[in-house]
Protein chains: 2
Amino acid sequence: MRGKGGRQTIRDLAALAGVSISTASKALNDTGRMGEETRQRVKRVAREIGFRPNALAQGLLSKRSFTIGLLTNDTYGRFTLPVMAGVSEALVDRGVSVFLCAIEDDPALGQVHVDAMLDKQVDGIIATGKRVDRRLPIDLSDVPVPVVYAFTEGGPQSVSFRSDDAHGATLAVEWLKASGRQRILHVTGPEDFFSVRERSDAFRAVAGAAATVLFGEWSETWGRDAVDKIWSAAGDKPDALFCGNDQIARGAVDALRERGIRVPEDVAIVGFDNWEIVAAQMRPPLTSVDMDLKELGRQAGLTILALAEGQAVEPGVRTLPCRLVVRQSCGAGGSVGAGSPGDEKQRR
Amino acid sequence: MRGKGGRQTIRDLAALAGVSISTASKALNDTGRMGEETRQRVKRVAREIGFRPNALAQGLLSKRSFTIGLLTNDTYGRFTLPVMAGVSEALVDRGVSVFLCAIEDDPALGQVHVDAMLDKQVDGIIATGKRVDRRLPIDLSDVPVPVVYAFTEGGPQSVSFRSDDAHGATLAVEWLKASGRQRILHVTGPEDFFSVRERSDAFRAVAGAAATVLFGEWSETWGRDAVDKIWSAAGDKPDALFCGNDQIARGAVDALRERGIRVPEDVAIVGFDNWEIVAAQMRPPLTSVDMDLKELGRQAGLTILALAEGQAVEPGVRTLPCRLVVRQSCGAGGSVGAGSPGDEKQRR
DNA sequence: AATTCATGAGAAAACGTTTTCTCATTTGAC
DNA sequence: GTCAAATGAGAAAACGTTTTCTCATGAATT
């Protein structure tokens, strides 16, 4: 019984149920006064014809579009996607849909997207990036809707979410120490990343201030080079490497294998990011710190919703705990072979 | 001069410009009749106060929301993201925004998302997947808006886009042959994938019907295993491998290196997918077939727009050509070292 | 000087809802 | 049997646009 062409309006519904438009509306929303029989009849007819209210019309009146925008400059989507998944998951059952806008690093493109979103009366904007200490190429400080920042730098008065990388690093190193590793090295990315400094500081706090940190870049190549550098130098060799991301870890594992050094028997490896597609496919599968970006997205979603509903939210940076996902690249207690449970996730 | 709280409406604009609402509207849209001076004055005031029409109100009237939905079950986003980027790129300057809806493989979740999109009066839906021969877990055959399928199976009367994998495979093998490779093997994924059969058929058509195809899974492990199997068998060894995806290629390269076989000097490797993050980080960087998913997204976007505007579009499957992105894993002409140009892309 | 015509601009309807207000009818209390 | 109160339901306004229609005004034609 789909109307000729368009969808059924409340007008059609009212006619079919033999009531006025206002009564129909009130019946559906459980508001107003009317006989119980009438209310049920309207609802029944609505169900029968599959009536669904036009959200545009509702939005026009209520000034809530049940729509938010997710702005990102993370082209490859490695960080954005989990965040997006979390946002979406948190909001879908509240009827909120998400506009995804990928603005490279192009301010003009960003402006176009923001304008389009505002025209469509989004209830709020979540800005995400790929780097916690960089801003998006567009200023959101005076858009007329609430803004929440996730994994990107917001202004001083903004609400931001990011992972607690110090916590993640601590988890990793403590786990290594608990499995009996004595000489742990940290091989990580460029020092000008805030995350790098946060992680390396935490690393030193747990592994000892004298522990070695090697800064480099975020590539497999650097992971290999670091291993070459370490193993071709004189002195004691480490029995564990804590890597700044999974790609570095992968490079390191490859280089170790080429040198005939066994992972995890001789050297345990822990990565960072828990980028499933890399970490789980590695040989051996990589133990890695998971920043729980999905949870981060979920919280950002709930927060933007709260703001949209007019609730006050304390500005500031909120950090979320990390998780250590244990796989075989750091055998439990350094014992040979037996290995830790395959892909089991462990929350601490 | 942002109004108290809300945004400026055309009412405010009209008042400020000293005209009626209708005149204001007509001035902005370059319709109706009025003095040129009036028109310019309205436009000027609009510019000054940064007036932007409320898309909800426009949509209510015009029955076009300038909004489309992108539905996907590709959780990891490896295929969806480039498609999304293309869609967005094609539509953003036409003022169309995109709802991204990730429905795992959950029909109920899919229905929720579709309903939400329809409530919001999307002008159309693009359904994308991760496999050309599988349907999404939800039936879109009678949604009241146009639907276009991209990288997923649509119904018989639907409009679908997919890459021309036969073409991609042909490009790869011809390139290898042109560089002087004689014995080319194809190591690919599970035979029940349509793409796999299409690629392997094309492979055989170019490499010779007797050429060997090894079916397996989409993992690095399989790539390694395949190499082990080939090189531990008796008989001539191949001088080139055409792999079904980049992960298999990666596994193959790793296994070859462990055997002391040089890539590309002894064996050239070509992958499929051109998954930058894998292909470009490999050592050596991987030559790979690019399905041009972004272009696919662009075309899907333009098509859904055409349909939304009421234009007729011939149903059927449209295939898009692939590109071969040449990197160092297949040295030109088998010559040593000199190698082909780094990351240069080559369209054929 | 009377008629037509083009021009400029506003009034009002429409889109599909929700909400407030009003009104008629029934119920209950005296 | 009268009056107040409660009940059921509809009319109308509002949201912010676009579009069609109407109406003055002044210019051009007789």
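Each chain gets a letter, A, B and so on, in the order its sequence line appears, and its residues count up from 1.
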Walk me through it: do A:Ser97 and A:Thr67 pass the test side-chain hydrogen bond (donor to acceptor under 3.5 Å, both in side chains)? CA-CA 5 Å; A:Ser97 305; A:Thr67 279; 5.3 Å; no
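- Mapping A:Gly18 and B:Leu28 onto DNA chain D by nearest heavy atom places A:Gly18 closer to the 5' end of the strand.
- Residue contacts shown for A:Ser25 include a base, since a base heavy atom lies under 4.0 Å away.
- In this structure, the side chains of A:Asp74 and A:Thr128 stay at 4.5 Å or more apart for every pair of heavy atoms.
- Here B:Lys26 lies in heavy-atom contact (under 4.0 Å) with a base.
- Ring to ring, B:Phe161 and B:Tyr149 are not that close: their centroids are 6.0 angstrom or more apart.
- A salt bridge links B:Arg7 to A:Asp119: one of the charged nitrogens lies within less than 4.0 Å of a carboxylate oxygen.
- If you walk DNA chain C from 5' to 3' and mark each nucleotide with an atom closer than 4.0 Å to a heavy atom of chain B, the marks span C:dT7 to C:dG16.
- Heavy-atom distances to DNA chain D give each of B:Arg33 and A:Val19 a nearest nucleotide, and the one nearer the 5′ end belongs to A:Val19.
- The pair B:Lys43-B:Asp30 meets the salt-bridge criterion, since a charged nitrogen lies less than 4.0 angstrom from a carboxylate oxygen.
- Scanning residues 37-47 of chain A for heavy-atom distances under 4.0 Å to DNA chain C yields an empty list.
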Worked check of side-chain hydrogen bond (donor to acceptor under 3.5 Å, both in side chains) between A:Gln58 and A:Asn54: CA-CA 6 Å; A:Gln58 291 181 311; A:Asn54 182 327; over 6 Å; no
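- For the pair A:Arg134 and A:Asp105, the salt-bridge criterion is not met [side-chain N within less than 4.0 Å of a carboxylate O].
- For the helix from C:dA1-D:dT30 to C:dC30-D:dG1, the terminal axes (five pairs an end, C1' atoms, rotation from four pairs onto the next four) enclose an angle of 60°, given to 10 degrees.
- When heavy atoms are screened at a 4.0 angstrom cut-off, A:Thr9 is found touching the sugar-phosphate backbone but no base atom.
- Using a 4.0 Å cut-off between charged side-chain N and carboxylate O, B:Arg131 and B:Asp133 make a salt bridge.
- Remark: A:Asp290 engages A:Arg323 in a salt bridge, criterion side-chain N to carboxylate O under 4.0 Å.
- For the pair A:Arg47 and A:Phe51, the cation-pi criterion (under 6.0 Å, within 45° of the ring axis) is not fulfilled.
- Where B:Thr23 and A:Pro53 each meet DNA chain C at their nearest nucleotide, the meeting point lying more 5' is that of B:Thr23.
- Between B:Leu71 and B:Ile103 the shortest side-chain heavy-atom distance falls below 4.5 Å.
- At a threshold of 4.0 angstrom between heavy atoms, the contacts of B:Leu56 with the nucleic acid are absent.
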